[in-house]
Amino acid sequence: MPGAPVSVGASVMVTPGAAGAPDTGTIIAVLPPVISASGLPLATSGSICVMVNSVTGVPYPLVIGTVGTSTGVRVGGRGLVRTGDRIPSPPGILLVIGPPATTAVTDGWPP
């Protein structure tokens, strides 16, 4: 689903999580090369999230997958991550909740 791009600090949820129940987390790192909006680096596939296992409470890293990101806006060959995107990222499907980095930019390209 096309939407506004996200950055570090955006909330995400993966279903199913590492122990079966959905896990929640936050985007913590955007790897170079980067583009920015409103002074924030925009997340692309390959960005790193820290997820919290909803059963045990143990944090774990999750790398955002490539399928399901923008097909029109690419940075160094990696697709832009937007609010509402559903991205296959093991152990399940990552839902990008937000908030967006900026509302001034909207990516209307399909996943």
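Note that the structure is a prediction, hence the values are computed from the model and not measured. FYI, side chains are in, hydrogens and waters are out, and symmetry mates aren't considered; it's all heavy atoms of this structure.
The cluster map of Ile, Leu, Val, Met, Phe, Trp and Tyr, joined by side-chain heavy atoms under 4.5 Å apart, puts Val30 and Met51 in different clusters. Under the 4.5 Å side-chain contact rule for hydrophobic residues, Leu80 and Ile27 do not share a cluster.
Across all non-hydrogen atoms, the minimal contact from Gly65 to Ile87 is O-CG2, 3.5 Å. Across all non-hydrogen atoms, the minimal contact from Ser7 to Ala101 is CB-CB, 3.7 Å. Considering every non-hydrogen atom in both Leu31 and Gly46, the closest pair reads CD1-O, 3.4 Å.
Not one N or O on the side chain of Ser45 forms a donor-acceptor pair closer than 3.5 Å with the backbone of Ile64.
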For residues 90-100, please give each side-chain donor-acceptor pair under 3.5 Å, one per line with the distance, not counting sequence neighbours.
none

Using atom types as modelled, flag every donor-acceptor pair under 3.5 Å from a side chain in residues 8-25 to any protein atom, sequence neighbours excluded.
from, atom 1, to, atom 2, distance (Å)
Asp23, OD1, Ser54, N, 2.9
Asp23, OD1, Ser54, OG, 3.2
Asp23, OD2, Ala18, N, 2.9
Asp23, OD2, Tyr60, OH, 2.6

Donor-acceptor pairs under 3.5 Å, side chain of residues 66-75 to any protein atom, not counting sequence neighbours: which ones?
from, atom 1, to, atom 2, distance (Å)
Thr69, OG1, Thr66, O, 3.0
Ser70, OG, Gly72, N, 3.2
Ser70, OG, Val73, N, 3.0
Ser70, OG, Asp107, OD2, 2.5
Thr71, OG1, Pro110, O, 2.9
Arg74, NH1, Ser70, O, 2.9
Arg74, NH2, Gly77, O, 3.2

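Under the side chain to side chain contact (heavy atoms under 4.5 Å, CB included) criterion, Val52 pairs with no residue at all, not counting sequence neighbours. Residues that satisfy the side chain to side chain contact (heavy atoms under 4.5 Å, CB included) test with Ser36, not counting sequence neighbours, are absent from this structure. For Val50, the side chain to side chain contact (heavy atoms under 4.5 Å, CB included) partners at least two apart in sequence or on another chain are Ile28, Pro59.
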